[in-house]
Amino acid sequence: MKHRIGLAIHGGAGTIDPALLTTELEGLYRKGLHEAAEAGKTVLEAGGTALDAVEKAVIILEDNEMFNAGRGAVFTAQGSHELDASIMAGHDLSCGAVSGVHGIKNPVSLARKVMEHSAHVFLQGEGALAFAHDMGFSFAPEAYFYTPNRWQQLLEARAANVTALDHNQPKPIGTVGAVALDSHGNLAAATSTGGMTNKKFGRVGDTPIIGAGTYANNRTCAVSCTGHGEYFIRKVVAHAIHCRMLFAHEDLALASSTLVGELHEIGGEGGLIAIDYQGRIAMPYNSGGMYRAWWSEGLAVATAIYAK
Ligand code: ASP
């Protein structure tokens with residue numbers, strides 16, 4: 001069956017108050033999203049793999065301090081960083097994930113190494129760091145991950161004694177993710193985050209949990225989620241969309257919007273990006289907005305934060 005190559009990326013969903021988003025800030029977010037989508041598009045147009053496209057797009061967002069992943073990751077309660085990421089290939093269901101790592105500039109690439117160079121799927125904490133060392137990753141100093149906005153967010157969250165989904169803060173910045181369909185008909189998904197500001201006790205959200213925050217299966221779709229992770233874990237959102245398509249024969253738009261609606265019913269705020277095996281894209285959210293960009297063969301890259 002003919003399919004149309006394409007991709008979608010997100011830079012987080014949440015309460016994005018238009019009054020707090022200056023024209024300058026909005027321009028910076030859109031520029032960052034555009035650059036990441038263009039990079040993924042270049043990979044796909046050259047006949048590259050969906051896996052390479054999603055990794056490339058996520059790396060660019062991890063390197064951009066505007067987003068809550070890699071360099072711009074939020075602070076934990078201890079004033080440190082615990083980064084989570086995952087990646088999945090839809091053609092053979094291979095996947096890799098890491099959680100609670102620090103000093104790694106691009107956790108998505110470490111997740112990919114877990115997928116391709118270990119006998120495991122999910123490594124956490126010190127073990128994941130030892131694996132990174134074995135894989136030849138260089139470690140960035142803490143200063144690389146220090147951004148004044150994030151530090152301020154931690155001080156505010158500490159003062160209010162809350163664990164904050166970063167988008168509730170005046171400076172809305174979010175988790176990142178990408179999904180893609182390549183010319184070989186293969187799907188892939190990747191997600192990366194710093195988690196929630198002021199998180200304690202080694203808290204891990206949905207991002208590195210295959211089936212919750214990230215999932216890809218060539219039979220149906222590739223999905224990357226963003227929002228209040230505890231709710232996405234409860235609903236196993238990404239895998240549930242796959243199941244609805246496979247067993248209930250729903251299309252991508254219906255399956256994904258149903259899940260986002262169900263999340264809302266249990267108090268979960270957020271959204272997701274998804275692409276199906278034919279290249280149709282869905283990007284539903286139940287929050288004030290979701291930073292996103294998308295591209296389909298023959299069209300230009302587009303970005304949106306709210307309805308547009
Ligand atoms: N889902 C992420 C988490 O709960 C946060 C986010 O998407 O902003 O860790």
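Start at 1 and go down the list; that is how both ligands and their atoms are numbered. All figures in this text were calculated on a predicted structure; none of them were measured in a lab.
- Of all the listed residues (Ser99, Cys225, Gly227), Gly227 holds the heavy atom that lies closest to atom 2 (C) of ligand 1.
- Side-chain atoms of Thr303 and His34 form no donor-acceptor pair, as typed in the model, at a separation below 3.5 Å.
- Other residues, nucleotides and ligands contribute more than 12 heavy atoms inside 6.0 Å of the NE2 atom of His117.
- In this structure, Arg234 is positioned above the aromatic face of Tyr231, its NZ or CZ under 6.0 Å from the six-membered ring centre and within 45° of the axis.
- Geometrically, ligand 1 and Thr226 share a nitrogen or oxygen pair separated by less than 3.5 Å.
- Contact annotation: Arg203 has at least one heavy atom less than 4.0 Å from an atom of ligand 1.
- Salt bridge annotation for Asp52-Arg112: present, with a cationic side-chain nitrogen under 4.0 angstrom from a carboxylate oxygen.
- Between the choices Leu272, Thr175, Thr191, Ile209, the shortest heavy-atom distance to atom 8 (O) of ligand 1 belongs to Thr175.
- Between Tyr291 and Tyr29, the two ring planes are tilted [angle within 30° to 60°].
- Judged by the 6.0 Å distance and 45° axis criteria, Arg71 is positioned over the aromatic ring of Tyr144.
- Considering backbone and side-chain N/O atoms, Asp206 comes within less than 3.5 Å of an N/O atom of ligand 1.
- Residue Thr207 has at least one heavy-atom neighbour below 4.0 Å for each of these atoms of ligand 1: 1 (N), 2 (C).
- For Gly205, no nitrogen or oxygen atom sits less than 3.5 Å from a nitrogen or oxygen atom of ligand 1, counting backbone and side chain alike.
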